[in-house]
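Below is one structure, written out as structure tokens; comments come after it.
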2 protein chains.
Amino acid sequence: MAINYEWYKVFYWAAKTGSLSQAAKSLYLTQPSVSHAIKQLEESFGVALFYRTSKGVDLTPEGSVLYAYIEQSQILITLAEEKMAALKNLDSGELRIGGSDSLFKHYVLPYLEQFHERHPGVKLHLNHGTTPEVITFLKEGRIDLGVVRMPIVDPQLQITESFQLRDCFVAGARYAELKDQVLSLDALLQYPIILFSRNSRARMTITELFQSYGYSIKPEIEVGSVDLLIEFARRGLGISYVTREFVSRELEEGSLFEVRLDVSLPPSRVGILTMRNMPLSSAARAFIQLVR
Amino acid sequence: MAINYEWYKVFYWAAKTGSLSQAAKSLYLTQPSVSHAIKQLEESFGVALFYRTSKGVDLTPEGSVLYAYIEQSQILITLAEEKMAALKNLDSGELRIGGSDSLFKHYVLPYLEQFHERHPGVKLHLNHGTTPEVITFLKEGRIDLGVVRMPIVDPQLQITESFQLRDCFVAGARYAELKDQVLSLDALLQYPIILFSRNSRARMTITELFQSYGYSIKPEIEVGSVDLLIEFARRGLGISYVTREFVSRELEEGSLFEVRLDVSLPPSRVGILTMRNMPLSSAARAFIQLVR
DNA sequence: CAGGAGATATAGAACGTTTCTATGGCCATC
DNA sequence: GATGGCCATAGAAACGTTCTATATCTCCTG
């Protein structure tokens, strides 16, 4: 006869309490059910597991041997169930996010702080990379979600659009004369331009914009981080193309000002990427909920 | 929803094989059954356990956590089942027997040898004691079976009668003149008698026999072991009252001879005692089978 | 690009097994 | 001798697993 693992649960409680009636209570069953389950277990092994006494039941030597194993097994299952509950309640687990450094710093960080405050048991892993790298991480299962600039077109990905970002050109005190002007693209190109290095979405966007107007934008300086973009502009090395939301502090304190143009720069959104058709972890679900 | 421990078995195999179809084969189920079980487990936890891919299934991070526990648990259960099979097949386990030293030496030993040869994995424990002690051991669960002289009357005990023993008086060369005689009880009492110490069944039996004929038997010497009983008789210190089966070697080689009497001494049987209403271990069952 | 192979998901019916109630027997205790 | 607690048994009912049949998706192949 095949053994039903449920019987082990019954056996465990019967042995632990020394009473079929008690076991029945613990398991919210009736005593005959427990009696029946034990009987089937005994028949399966062809060995008696309990001595029936007037006070309850005692393990036979064979029953004791079985109990030694089953007790451990049941304890592990109990631990597993507690652990799963902890995972679901976000008392443990982990959240792995991919994205660019600048998005992390300016956009994800406040949410992460909030998330961590609410769920201190969840470990956070941040993997920075370019948008294609983030998508690869996602497809390889190395991260739970990616935070990148829109637009992204990929049928495998589930995209949740979030915050809107507007890019703009900014300059420092050195070009103070531009403060009150509205420049044409043509006029802007007379100044030294600082752009983010090639493989970024912002760079592609602005290049395409100039092309669509028949111009070609060629940066004087290329840098690899948003921080340098800002720093170079402040020091007057040129006019930087940045995301306005990332320089809000500098704009407020006046160390940078926006160079207005006579064309509008297309806004873009931050998208949260997850794998379509792949279940999300509780932590990832909770984080997306928070961001939305 | 309450978790059915059978689902863990399904989960284990699904995770182990990385395929619901494979798990179904291993468990002799159909694929939809496995799919259903996993689904219920996931619903119980409120967490996805597997990523479904075109090639099969992969554990989610949460599923991996669960698997770490469940794998151990299932391995323990497998070990338990193997151990129980070994116990039943008498590849392991133990057999605890209580009885008197003399019965062990002359009666139980050959059977034990045979048993041990057949089931070398079964550990043997011998506890010697008087008949009342053996019965106490039995009732306390310290031994599986007792080997004692009949008769025993105890409603709690299950008694299997076995070999017949006949007691007799034996003497050594010193009393060679008795070899061809048939003595009356009266005549026997003229000789020095050697008896086993008080609290033995044999002693009680012979005392009662003499009393029933109106005599009183008073030993010259009392000893505490059958070996001494034999040794003293051989050295001519008196006539010993022994179990004939225990001195068969001495009778054959002629170092002792039986002193015949004109009354017949009542035979007694060896009884194998077990607890009534208590299941026997496989080893005990096998041993009793062997002895009968 | 169409089609096949193989994977999982879903729906609904059938089957089997657990679970229950009711009862009896046993033992210890009062 | 009565009472209460314990386990075993019997039979019925309800529940849940398991099945067959089918759908959907992906990957691989001709």
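Fair warning: this is a prediction, and the values are worked out from it, not measured in the lab. In what follows, chains carry the letters A, B, and so on, assigned in the order in which the sequence lines appear, proteins first and then strands, with residues in each chain numbered from 1.
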(request) Specify the residues of residues 36-49 of chain A, ordered by number, for which at least one heavy atom lies under 4.0 angstrom from an atom of DNA chain C. (result) A:His36, A:Gln40
(request) Using whole Å, report how far CD of A:Glu6 lies from P of C:dG16. (result) 20 Å
(message) To check you understand the geometry: which heavy-atom pair defines the closest contact between B:Leu76 and A:Gln72, and what is its length?
(response) CD1-CB, 3.3 Å
(request) Could you state the atom-to-atom distance from CG of B:Leu20 to P of C:dT10 in whole Å? (result) 12 Å
(message) Counting the benzene-type ring for Trp, do B:Tyr8 and B:Phe11 have ring centres under 6.0 Å apart?
(response) no
(message) Please check this pair: side chain of B:Arg52 against backbone of B:Val57, looking for a donor-acceptor N/O pair closer than 3.5 Å.
(response) no
(request) Could you check how far CH2 of A:Trp7 sits from C1' of C:dT19, rounded to whole Å? (result) 14 Å
(request) Could you state the atom-to-atom distance from CD1 of B:Ile3 to P of D:dG16 in whole Å? (result) 15 Å
(request) Take atom OH of A:Tyr5 and atom P of C:dT17, then tell me their distance rounded to the nearest Å. (result) 18 Å
(message) Under 4.0 Å between a side-chain nitrogen and a carboxylate oxygen: does that hold for A:Lys88 and A:Glu82?
(response) no
(request) Decide, yes or no, whether a salt bridge links A:Lys39 with A:Glu42 under the criterion of side-chain N to carboxylate O below 4.0 Å. (result) no
(message) When you measure from the side chain of B:Ser35 to the backbone of B:Gln31, do you find a donor-acceptor pair of N or O atoms at a distance under 3.5 Å?
(response) no
(message) Looking at B:Glu94, is its backbone amide N or carbonyl O close enough to the side chain of B:Arg96 to form a donor-acceptor pair, meaning the two atoms are under 3.5 Å apart?
(response) no
(request) Classify every nucleotide of nucleotides 21-30 of chain C by which part a protein heavy atom approaches to under 4.0 Å, writing B for the base, S for the sugar-phosphate alone and - for neither, in 5'-to-3' order. (result) BB----SS--
(request) Please state how far atom CG in A:Leu29 lies from atom C1' in C:dT17, giving the value in whole angstrom units. (result) 13 Å
(message) Please confirm whether the shortest side-chain N or O distance from B:Arg52 to OP1 or OP2 of D:dC25 is below 4.0 Å.
(response) no
(message) Please tell me whether A:Ser162 and A:Tyr107 have a donor and an acceptor in their side chains that are separated by less than 3.5 angstrom.
(response) yes
(request) Would you tell me if any nitrogen or oxygen in the side chain of A:Ser35 comes within less than 4.0 Å of OP1 or OP2 on D:dC7? (result) no
(request) Give a yes or no answer on whether the side chain of B:Ser33 reaches the backbone of B:Leu29 with a donor-acceptor pair at less than 3.5 Å. (result) no
(request) Measure from the side-chain N and O atoms of B:Ser268 to the backbone N and O of B:Arg149, and report whether any donor-acceptor pair falls under 3.5 Å. (result) no
(request) Quantify the bending of the helix from C:dC1-D:dG30 to C:dC30-D:dG1 as the angle between its end axes, each fitted on five pairs, to 10°. (result) 20°
(message) Whether the side chain of A:Arg269 engages the backbone of A:Glu161 through a donor-acceptor N/O pair (distance < 3.5 Å, no angle test) should be reported.
(response) no
